Amino acid sequence: MMPDALNDRAGVGRRIAQARKTRGLTQTELARRIPCSKSLIAQVERGHKPASPSLTAGAARALGVRLEQLTGQPYEDARQGRVHNTIPHIRRSLLSWDLPDEHIPARPADDLAADVAMASLLGRKARYAQLGQMLPALLDELCTACHAADDREQRRLFGMLSETYTGVTAIAYALGEFDLRSLGMDRVQWAAQQSGDPLRVARTQWQRSTLFMQAAAYDRGMRLLDRIRGDLGDDIARMEPAMLSVYGAAHLRSAMFAARASNTQAAWDHISAARDTARVLGGEANHYGLEFGPTNVDIHALGVAVELYDGPRVARLAETTRLPAGIAPVRAGRWYMDLAKGWLDCGHRDNAIAAIAAARKVSPEQARNHPQVRETVRTLIELEKYRKDSLVGLAHWLGIT
């Protein structure tokens, strides 16, 4: 167990160093276990490079600690009280999945569907405080409705319940509440299976793969994604739009797994396959909340380039990619967070600061809670001899000053 001497203001590098020393490991030994270069460990521990999500997950696995012990999540801040205060209520609703409350008055399924759509919209906008306030009552109501409905209506309601449980996993991921996220993922899968919708089940398996990403179990995550695509087939010309979205999303996730495993060729092969799938789809779509289409392919291409430290490709994507006006804020936030790290890795510090500021503007709750944003800003502070007002302002906003 790591000592609790470091609060959430400490960087991941300091936490890695502390855990490594506690276990009597040298930087070389830790690098061999992850695996990565010894120089990368040294630079991260000194604060001269940001700890990437892949390095942090790999270090947690190699050191035998929980991921949140290295990230310092959930981050404590009075300004975030609203969303944190919803967690106990959400947890109680998750635990009551098979205990319908008969005193909850029944509402028409269409009314419930409208609320589920609103919850999904809040997730797309990364409005986690509002979503957290909405979820407990909606989950309780859907659970009761599912148990009371007849067979046909019940399947529809279970589909809505699965979608609403996905909102729980989004909040849990954003806050670093990983135990809650695993519990929520179990409920997502259970409700999807009850819905009788094979594509929804496939979508939940795609979502489940993120748990392997978190655990740095890249080979297992890849096997799961291979199975999803195998079950769907490979003739994209014959696939319906919703199936194309699931199939393409599985390729995008596979690309990220391959990049984290340093399998460069496989990563770009998956991006290419996803791009072909998006072409057949014919534009942007949002089946099962996947937001699949050409823009999401570009976002993942940037993510792969950043993971592989491919500076020229980061610069090229930054130059040629234009996010559409209607893009979901949570997707735009992801783009700018990755772009900031990519620019920092290339030595373009002003561009990195501008990208973090853009992430803050489009998706503030997402950016403020993301370890990569904090790591990027901490590294910029360490490297900048004369601190810019914009950088100081970002550090204060993040609560790391």
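Just so you know, these numbers come straight off a predicted model, no measurement behind them.
Residues Ile299 and Thr321 fail the side-chain proximity criterion, which asks for heavy atoms closer than 4.5 Å. Val65 has its side chain within reach of Arg23: a pair of non-hydrogen atoms, C-beta onward, lies under 4.5 Å apart. Between Gln69 and Arg15, every side-chain heavy-atom pair lies at or beyond the 4.5 Å cut-off. Two residues are said to be in side-chain contact when any heavy atoms from C-beta on lie closer than 4.5 Å; Leu142 and Phe158 fail this criterion. Put simply, the side chain of Arg253 does not reach to within 4.5 Å of the side chain of Phe212, judged on heavy atoms. Using a 4.5 Å heavy-atom threshold, the side chains of Arg223 and Tyr218 count as separate. Under the 4.5 Å side-chain criterion, counting only non-hydrogen atoms from C-beta, Arg200 is not in contact with Gln193. In this structure the side chain of Cys146 never reaches within 4.5 angstrom of the side chain of Met160, judged on heavy atoms.
Using modelled atom types, one finds no donor on one side chain facing an acceptor on the other under 3.5 Å when comparing Thr169 with Arg187. A donor and an acceptor atom, one from each side chain of Glu284 and Thr295, are located under 3.5 Å apart. If you check the side chains of Asp338 and Gln372, you find a donor sitting under 3.5 Å from an acceptor. Counted by atom type alone, Asp101 and Thr144 present zero donor-acceptor pairs between their side chains at under 3.5 Å. With 3.5 Å as the limit, one finds a donor-acceptor pair spanning the side chains of Arg181 and Thr210. For the residue pair Asp269/Gln265, the side-chain donor-acceptor check at 3.5 Å is satisfied. No side-chain N or O of Gln73 forms a donor-acceptor pair with one of Glu177 less than 3.5 Å apart.
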Does the pair Asn286 and Phe292 meet the rule for a side-chain contact (heavy atoms from CB on, under 4.5 Å), with working shown? CA-CA 6 Å; Asn286 189 29; Phe292 182 72; over 6 Å; no

Derivation and outcome, side-chain hydrogen bond (donor to acceptor under 3.5 Å, both in side chains), residues Thr28 and Thr26: CA-CA 5 Å; Thr28 300; Thr26 65; 4.6 Å; no

Begin with the C-alpha distance, continue with both residues' side-chain angles, and end with the deciding distance and a verdict on side-chain contact (heavy atoms from CB on, under 4.5 Å) for Arg331 and Ser363. CA-CA 9 Å; Arg331 298 295 184 188; Ser363 189; over 6 Å; no

Under the salt bridge (Lys or Arg N to Asp or Glu O under 4.0 Å) criterion, do Asp298 and Arg275 qualify, and how do the steps go? CA-CA 9 Å; Asp298 288 337; Arg275 203 174 294 282; 3.0 Å; yes

Are Leu139 and Val168 close enough, and set up right, to give a side-chain contact (heavy atoms from CB on, under 4.5 Å), and what steps lead you there? CA-CA 10 Å; Leu139 287 171; Val168 174; 3.8 Å; yes

Would Val246 and His287 count as a side-chain contact (heavy atoms from CB on, under 4.5 Å) here? Give the steps. CA-CA 8 Å; Val246 176; His287 303 107; over 6 Å; no

Carefully, step by step, assess Glu307 and Ser52 under the rule side-chain hydrogen bond (donor to acceptor under 3.5 Å, both in side chains). CA-CA 8 Å; Glu307 285 286 352; Ser52 67; 4.7 Å; no

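Between Arg20 and Glu45, at least one side-chain N (NZ, or NE/NH1/NH2) sits under 4.0 Å from a carboxylate O, which counts as a salt bridge. A salt bridge links Glu141 to Arg107: one of the charged nitrogens lies within less than 4.0 Å of a carboxylate oxygen. Note on Asp110 versus Arg156: salt bridge recorded, some NZ/NE/NH1/NH2 to OD/OE distance being below 4.0 Å. For Arg316 and Glu319, the salt-bridge test fails: no basic side-chain N is under 4.0 Å from an acidic carboxylate O. Between Glu291 and Arg124 a salt bridge is recorded (basic side-chain N to carboxylate O distance below 4.0 Å).
His251 and His270 have tilted rings, their planes meeting at an angle from 30° to 60° on a 0 to 90° scale. Tyr165 and Trp190 have tilted rings, their planes meeting at an angle from 30° to 60° on a 0 to 90° scale.
Heavy atoms only, all atoms of each residue included: Ser96 and Cys143 are closest at O-SG, 3.7 Å. The two residues Ala59 and Ile16 make their nearest non-hydrogen contact at CB-CD1, 4.0 Å. The two residues Gln366 and Ala126 make their nearest non-hydrogen contact at CB-CB, 4.0 Å. Residues Tyr128 and Glu365 approach most closely at N-OE1, 3.2 Å, considering heavy atoms. Residues Gly248 and Ala274 approach most closely at O-CB, 4.0 Å, considering heavy atoms. Of all heavy-atom pairs spanning Ala145 and Leu112, the tightest one is CB-CD1, 4.0 Å.
How far CD of Glu384 is from CG of Asp350: 6.5 Å, rounded to the nearest 0.5 Å. The distance from the CD atom of Gln207 to the CD atom of Gln205 is 10.0 Å, given to the nearest 0.5 Å. A distance of 12.0 Å separates CG in Leu225 from CE in Met256, rounded to the nearest 0.5 Å. Here the CD1 atom belonging to Ile41 is positioned 10.5 Å from the CD atom belonging to Gln43, to the nearest 0.5 angstrom. Atom-to-atom distance recorded for Ser162:OG and Arg203:CZ is 7.5 Å, nearest 0.5 angstrom. Between the CG atom of Asp186 and the CH2 atom of Trp97 there is a distance of 10.0 Å, given to the nearest 0.5 Å.
Side-chain N or O atoms of Thr204 include none that pairs as donor or acceptor with a backbone N or O of Gln189 at under 3.5 Å. At least one donor-acceptor pair under 3.5 Å links the side chain of Arg349 to the backbone N or O of Leu383. A donor-acceptor pair is defined here as one N or O able to donate and one able to accept, closer than 3.5 Å; such a pair exists between the side chain of His300 and the backbone of Asn296. With hydrogens and angles disregarded, no donor-acceptor distance shorter than 3.5 Å links the side chain of His348 to the backbone of Leu344. Side chain of Glu375 to backbone of Gly11: no donor-acceptor contact under 3.5 angstrom is found.
Taking a 6.0 Å sphere around CG of Asp389, one finds it holds 12 or fewer heavy atoms contributed by other residues, nucleotides or ligands. More than 12 heavy-atom neighbours from other residues, nucleotides or ligands sit within 6.0 angstrom of OH on Tyr247. Within a 6.0 Å radius of CG in Asp219, other residues, nucleotides and ligands contribute more than 12 heavy atoms.
The distance between the ring centers of Tyr288 and Trp206 does not fall below 6.0 angstrom.
Seen from the ring of Tyr75, Arg374 counts as a face-on cation partner, given the 6.0 Å and 45° thresholds.
Only one option out of Asn351, Leu339, Val377, Leu398 pairs with Ile356 in a side chain to side chain contact (heavy atoms under 4.5 Å, CB included); it is Val377.
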